[in-house]
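Inspection log for the structure reproduced underneath, given as structure tokens.
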Amino acid sequence: MSSVSFASPTLPAPASASVKSRVAIWQGAALAAVLGWAYLPMLSVFADKWLNDPQYSHGLLVPFFSAFLLWRGWKSDALVLKPLPVLGCALLVAILVMRAVAGALLFYQLDAASLLLALVAVSLAVGGVPLAKFTAPAIAFLVFMVPLPYELERNVGSPLKVIATVCSTFLLQTLGLPAIRDGNLILIDDVRIGVVDACSGLKMMVTFAAFSVGAVLMMQRSRFEKLMVLLGIVPIAILTNVLRIAATGVSFANFTDEGTRAFLHDGYGYMMIFIGLALLALELWVLKRLVVDPSRT
């Protein structure tokens with residue numbers, strides 16, 4: 001009978017572990033803030049692109065979405081931290097070399113890659129593999145805040161321009177307009193529409209990829225559905241760009257006022273992301289009706 005009066009000596013342990021976990025997480029957050037300060041020159045260059053280039057304006061939202069992913073995971077999962085300070089610090093030393101190379105080459109994208117690896121190193125040092133796995137989706141999503149390198153824009157953008165020109169010309173012909181393709185030009189009677197680098201759709205593809213990957217990370221769907229969403233990024237982005245160019249061709253063929261043409265051209269550009277999101281929603285709607293949910297059978 002006397003045994004019931006003794007308290008279990010193991011009860012305070014979880015509370016103590018929880019306190020240590022919170023302290024470690026705050027230490028990791030402080031280290032991440034120091035990294036942000038250290039990389040401020042690079043981030044200021046990227047911020048200029050986010051603010052002045054509409055194709056990269058989504059970069060302003062990327063860090064907030066990554067923070068939301070961390071917050072959502074922190075609310076739903078209990079972490080058991082197993083710090084690996086030696087491995088984390090060794091990785092940080094290697095990253096210093098990476099930063100030196102990026103600075104010598106003025107290669108901001110390489111510097112951005114070192115920032116992402118530095119965040120991984122902090123996660124390993126503070127919480128080991130469990131914390132690294134926990135923060136991996138949020139850190140990986142930060143890649144969408146990095147503008148594309150010029151060489152990638154040129155080498156990938158050129159084939160996309162050809163695809164956009166061919167498909168847009170075909171769509172305009174289908175609509176009954178006498179459209180003819182001449183290189184990356186679309187001729188409609190005396191109207192000349194040039195599919196320049198900005199019209200390749202590459203930057204739109206990056207923006208739409210950020211939204212699609214964010215949707216995959218958020219939604220509760222099967223792996224097959226998530227894979228289909230990811231595979232749909234390229235065709236939906238190309239289709240959206242083709243619709244924009246074709247709409248521009250129709251408008252230029254029917255309006256001669258330069259102010260009206262410029263207004264419609266810019267308006268179609270801003271509408272691209274909304275059309276892409278509408279197509280993404282349509283894809284999710286179709287997948288929901290095609291894929292059988294085992295929990296409902």
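Given the structure is predicted, the values throughout are model-derived calculations rather than measurements.
Put simply, the side chain of Arg221 never gets that close to the backbone of Arg223: no donor and acceptor are under 3.5 Å apart. Judged purely by atom type and a 3.5 angstrom limit, Ser123 uses its side chain to pair as donor or acceptor with the backbone of Leu119. No donor-acceptor pair under 3.5 Å is formed between the side chain of Asp189 and the backbone N or O of Val191. With hydrogens and angles ignored, the 3.5 Å screen pairs no side-chain donor or acceptor of Asp182 with any backbone N or O of Leu185. Although no hydrogens or angles enter the test, the distance criterion places no donor-acceptor pair under 3.5 Å between the side chain of Ser158 and the main chain of Asn155. Side-chain atoms of Asn52 come within 3.5 Å of backbone N or O of Asp48 as a donor-acceptor pair.
Taking both residues in full, the closest heavy atoms of Ile188 and Gly249 are given as CD1-O, 3.8 Å, listed atom of the first, atom of the second, then distance. Residue Arg72 comes nearest to Leu217 through the heavy atom pair NH2-O, 2.8 Å, listed as atom of the first residue, atom of the second, then distance. For the residue pair Met145 and Leu43, the shortest heavy atom distance occurs at CE-CD2, 4.1 Å. Between Pro147 and Phe46, the shortest heavy-atom contact is CD-CD2, 3.5 Å. In this structure, Tyr39 and Ala118 approach most closely via the heavy-atom pair OH-CB, 4.3 Å. Closest approach of Leu277 and Phe208 over heavy atoms only: N-CE1, 4.1 Å.
Val34 and Val126 are not part of a single hydrophobic cluster, where members link through side-chain heavy atoms under 4.5 Å apart. When hydrophobic clusters are built by joining Ile, Leu, Val, Met, Phe, Trp and Tyr residues whose side-chain heavy atoms come closer than 4.5 Å, directly or via intermediates, Phe255 is grouped together with Tyr268. A single hydrophobic cluster is not seen to contain both Met271 and Leu282; linkage of ILVMFWY side chains at heavy-atom distances under 4.5 Å, directly or through other members, places them apart. Residues Val166 and Val234 fall into different hydrophobic clusters, defined by Ile, Leu, Val, Met, Phe, Trp and Tyr side chains chained together at heavy-atom separations under 4.5 Å. Cluster annotation: Leu175 is not connected to Ile180 through the hydrophobic network of ILVMFWY side chains, with a link wherever side-chain heavy atoms come within less than 4.5 Å.
A search for salt bridge (Lys or Arg N to Asp or Glu O under 4.0 Å) contacts involving Lys49 returns Asp53, not counting sequence neighbours.
Results of the side-chain contact (heavy atoms from CB on, under 4.5 Å) test with Ile233 over Val229, Leu231, Leu230 single out Leu230 as the only residue that passes.
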Result block: side-chain N/O donor-acceptor pairs under 3.5 angstrom for residues 80-100, not counting sequence neighbours:
residue	atom	partner	partner atom	Å
Arg99	NE	Asp111	OD1	2.9
Arg99	NH1	Ala38	O	3.4
Arg99	NH2	Asp111	OD2	3.2

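In this structure the side chain of Glu225 never reaches within 4.5 angstrom of the side chain of Val216, judged on heavy atoms. Side-chain contact between Ile139 and Ser66 is absent, with no heavy-atom pair separated by less than 4.5 Å. Contact of the Ile273 side chain with the Phe211 side chain is registered, since non-hydrogen atoms from C-beta on lie closer than 4.5 Å. Within the 4.5 Å cutoff, the side chain of Met218 has heavy atoms near those of the Phe68 side chain. The closest side-chain heavy-atom distance from Leu264 to Thr248 is not below 4.5 Å. Residues Thr165 and Ile186 meet the side-chain proximity criterion, which asks for heavy atoms closer than 4.5 Å. In this structure, the side chains of Val62 and Trp50 stay at 4.5 Å or more apart for every pair of heavy atoms. Between Val242 and Ile163 there is no side-chain heavy-atom pair separated by less than 4.5 Å.
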Evaluate His58 against Thr207 for side chain to side chain donor-acceptor pair (under 3.5 Å), listing each step before the verdict. CA-CA 6 Å; His58 66 277; Thr207 302; 3.1 Å; yes
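Within the model, atoms CG of Leu177 and OG1 of Thr169 stand 11.0 Å from one another, a figure rounded to the nearest 0.5 Å. Met204 contributes atom CE, which lies 10.0 Å from atom CZ of Arg244 (distance to the nearest 0.5 angstrom). For the atom pair Ser114 OG and Met42 CE, the distance stands at 7.0 Å (nearest 0.5 Å). Here CG of Leu115 is found 15.0 Å from OH of Tyr108. Values are rounded to the nearest 0.5 Å. If you take CG on Leu279 and CG on Leu243, they are separated by 7.5 Å, rounding to the nearest 0.5 Å. Here the CG atom belonging to Leu187 is positioned 11.5 Å from the CG atom belonging to Leu172, to the nearest 0.5 angstrom.
Within 6.0 Å of the CZ atom in Phe224, the count of heavy atoms belonging to other residues, nucleotides or ligands does not exceed 12.
Stacking of Arg261 on the aromatic ring of Phe252 is recorded, both the 6.0 Å distance cut-off and the 45° axial limit being met.
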